[in-house]
Amino acid sequence: MSRTARFFFVFRPVAGWICLVCLLTAQAALAQSPGLVPEAPDMAASPGDPAAPDIPGGPDMSTGPDPSVAPAAPATGVVNGASEQPHAMPPGPWSLPGTPAALDMPRSASLAVPPDFLAALPTLTIDMGKNGAFAPFAAYEQGLSLLRAGRNQEAATALATASAHPLAGFLARDAALLAGYAHEGAGGAAIARTFYEKWLAAGPENSLTPTVLLRLGATAAAMGDFPAARDALQRLCLSRPWMVQAKSASALARELFAAGRSDWNPDAPHVALAQAERAIDARRPDAAVAILDRLASVPGEKDVARLDYLRGKADFAKRRTDAALARFRGVRERFPASPIAPWAAYHEARCLWRKTDPESARRMEALLRGVVDDPAVEVRAREVSARHLMLLLTEQGRLAEALTASDVLAGLGRGGELAEQARGLSGVLCFALGRMEAATSRLSEFLRDHPNSDWAPGARYWLGRTRGAVGDDAGAAACHLGNAALCKNTYYGLRSAAQLQALVNPGRVNPASVQPFLYPSGTQAAPPPPASPDCPGATPPTSPGARPPGLQAMQERVAVLDASGMPELAELDLAFLAASAPADAELALAHIRLATRLFRLGPATATARRTFGDCLLCGDPARFGPLAAALYPRRHTAAIRVALAGSDVSENLILGLIRQESFFNAQVVSSAGAVGLMQLLPQTAANMAARVGLKPFSAKMLTDPATNIRLGVEYYTMRHAQYGNPEHTLCSYNAGAGKLAVWMQGLGNLEPDLFVEFIPYEETRDYVRKVLTNAMFYERLPPGD
């Protein structure tokens, strides 16, 4: 992984698709505009289950044809992927909607454009020249209007023009999709198909992908290209089986299979099982249950063990823990010889981890050891069980046994992420056990073997702590200086800075005389320290004449859009431009400012990483300037100070918590119903309102920043008074007091740094690190409101 991907502290994960799909244009437009080709955007990941990181849970599901079903005879008359004679498909749920209003539209089509601006478009187009920047915008709006009016042929012409224009920017891909709709509506399936293929090739998947795959499958089938139709329909059905488009795709695939035009049967039992597994992994348990119910109702032989196992996984995802326990136990006891039985034992243990009583912990350990110690069980099941056992033993403070489990995991022979995690944790376990020689050896070997790991800064930090523990102050300083050189502004970089300061202040070491330790000698492919990072203001502003004419014209278009009351469209346009010219710091800052103003953190993240990656990783926070104002805003500080009066909690910690929870969006509401800046559940807020005497109280008040901060700070300081430090308090804020009580029993006697390292829930561990990093970074930024 590149080093810029490691400064996770800057960005909050963003759920769902982000509109960086607009960063890639249709191929024709790019060909006409050299120098405007953007990089692929970074996509944010969705958070995992806080009670158990998402780990594949079962044998691999084949997506090939069902071996129990004889393949259909291939379609005749197919030449180079297309039939010689089109085969018209009868109307079905895969048919294009009868009204334009029912079409799935890109975001740009849903953003309002003021009527007076539309009226002025012809003038803008003329003023900026025949091929001016507003020409594709005008063609797009014209095509969209014609499409909505049902004038498909005229719409297709206008939209194709917009898509192919060299200055289309983000509109190129959106226009390609709408051109496909228009051509299909006009009866041109073959041309529509080319636009759908262009859309898929132009950028990453997003929420429109299912619609495009369905349209591609339907148009390919209408042309008689049944292999292409099968591939598109199969991809949709297996990747997003819970969506209505997948149901339509299944209906069309069923017809093709029945007619002998495809060898893929969407109703084959193994397909349904794969779909259910996919829906569970995507946290769509209700959809998985519907698929399993449908499969169970179909006559014929079924894999009952796997059916029950997947029902257990669905119950687990729905937090019906006792029901899931019964399912997994039943599978394990009824089908002990099935290859799914060890996986059922593993997931039964995951259910027990949600409980806090000692008997559940004992049962969980027994189940995991039974899988790990059985050489007949497939290695993957033994690996995930060994990892879980390692975390359980660590959670209980049985560190020596956890070290043994980590060695078992690392020695199973598959390597990969789980073994890497075990090797890293083993070094910290040795430190916690006081085995400093072993800790030094293991951490050094980790850095040598995994120089590109996300956790390499962690290994260097703990290696520095290890050397410091044995009195090697110079060796400790070298490790912490290495983190300062490679990742100064990350969690471990900031922790290293604190350790280094503790060595420098009493005069124990002179950092000027110490060579930073980066990697052990002989390390292969170790990333070098970044060169002097370019932070905002380090280079003079780009003069308009220095930019390519097309880029300059598009930037002027952005300014007009924003000034005309269309900031969302301007942001989409500016995201494309910032990706097109990543060295243009002024352009990047303009996009970051606008995106964060609109709370569109995904696009802002991508731009900041691309243009200011080294600055964010290792730059001097005092030189961040406008970048800090956008990414680390200091908002509502007066309300925070009032709420914190009389408390020893840091203002910067509350700023860091708000940044992580909501990025200062007072109106945001989570899927769980948490509201506002500090993401308070209404019931929790009501309890805090009673504590502070706020009457009357209603949930609507949580969108008021001052009220949300007052109640959120009351809740945080109440927990802080109970636990005494931010590490434990943040842990309870995220995982709950019940689980923290379990961890305190086993780990409460450890120093806060070790406690955070040993938090077994990945989501909670990352949450605590991110909030602490935010707080540490705020401390290093110049003060201000």
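- Ion pairing between a basic and an acidic side chain is recognised when a charged N comes within 4.0 Å of a carboxylate O; Asp322 and Lys355 show such pairing.
- Between Leu352 and Leu367 there is a side-chain heavy-atom pair separated by less than 4.5 Å.
- Contact annotation: the side chain of Leu617 never approaches that of Asn489 to less than 4.5 Å [non-hydrogen atoms, C-beta and beyond].
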Give the intermediate values and the outcome of side chain to side chain contact (heavy atoms under 4.5 Å, CB included) for residues Thr440 and Leu463. CA-CA 6 Å; Thr440 298; Leu463 183 58; 4.0 Å; yes
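- Taking the charged nitrogens against the carboxylate oxygens, Arg765 and Glu727 have no contact shorter than 4.0 Å, which rules out a salt bridge.
- With a 6.0 Å cutoff to the six-membered ring centre and a 45° limit on the axis angle, Arg467 counts as a cation-pi contact of Phe517.
- Distance alone, capped at 3.5 Å, is enough to place a donor-acceptor pair between the Arg278 side chain and the Ser239 backbone.
- Contact check on Arg465 versus Glu757 returns no salt bridge, with no Lys/Arg side-chain nitrogen under 4.0 Å from an Asp/Glu carboxylate oxygen.
- Counting heavy atoms from C-beta on, the side chains of Asp315 and Leu325 never come closer than 4.5 Å.
- How far OG of Ser297 is from NZ of Lys302: 7.5 Å, rounded to the nearest 0.5 Å.
- Put simply, the side chain of Leu425 reaches to within 4.5 Å of the side chain of Phe758, judged on heavy atoms.
- Side-chain atoms of Trp455 and Tyr492 form a donor-acceptor pair, as typed in the model, at a separation below 3.5 Å.
- Side-chain contact between Phe316 and Ile280 is absent, with no heavy-atom pair separated by less than 4.5 Å.
- A side-chain hydrogen bond (donor to acceptor under 3.5 Å, both in side chains) with Tyr461 is found for exactly one of Thr490, Thr466, Asn483, Asp753, namely Asp753.
- For the pair Glu365 and Arg398, the salt-bridge criterion is met [side-chain N within less than 4.0 Å of a carboxylate O].
- Ring orientation note: the planes of Tyr733 and Tyr767 are close to parallel, at an angle under 30° on the 30°/60° scale.
- Ring pair Trp353/Tyr761 is perpendicular by interplanar angle, where above 60° counts as perpendicular and below 30° as parallel.
- A salt bridge links Arg362 to Glu359: at least one charged side-chain nitrogen sits closer than 4.0 Å to a carboxylate oxygen.
- In this structure, Asp308 does not pair ionically with Arg332, as no charged nitrogen and carboxylate oxygen lie closer than 4.0 Å.
- Residues Leu310 and Leu273 meet the side-chain proximity criterion, which asks for heavy atoms closer than 4.5 Å.
- Side-chain contact between Trp343 and Val384: present, with at least one pair of heavy atoms (C-beta onward) separated by less than 4.5 Å.
- Note on Lys318 versus Asp286: salt bridge recorded, some NZ/NE/NH1/NH2 to OD/OE distance being below 4.0 Å.
- Taking the ring axis of Tyr346 as reference, the NZ or CZ atom of Arg387 does not stay both within 45° of it and closer than 6.0 Å to the ring centre.
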Check the pair Leu256 / Arg230 against side chain to side chain contact (heavy atoms under 4.5 Å, CB included), numbers first and verdict last. CA-CA 8 Å; Leu256 295 176; Arg230 175 204 59 208; 5.8 Å; no
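- At a threshold of 4.5 Å between non-hydrogen side-chain atoms, the residues Leu418 and Arg380 count as touching.
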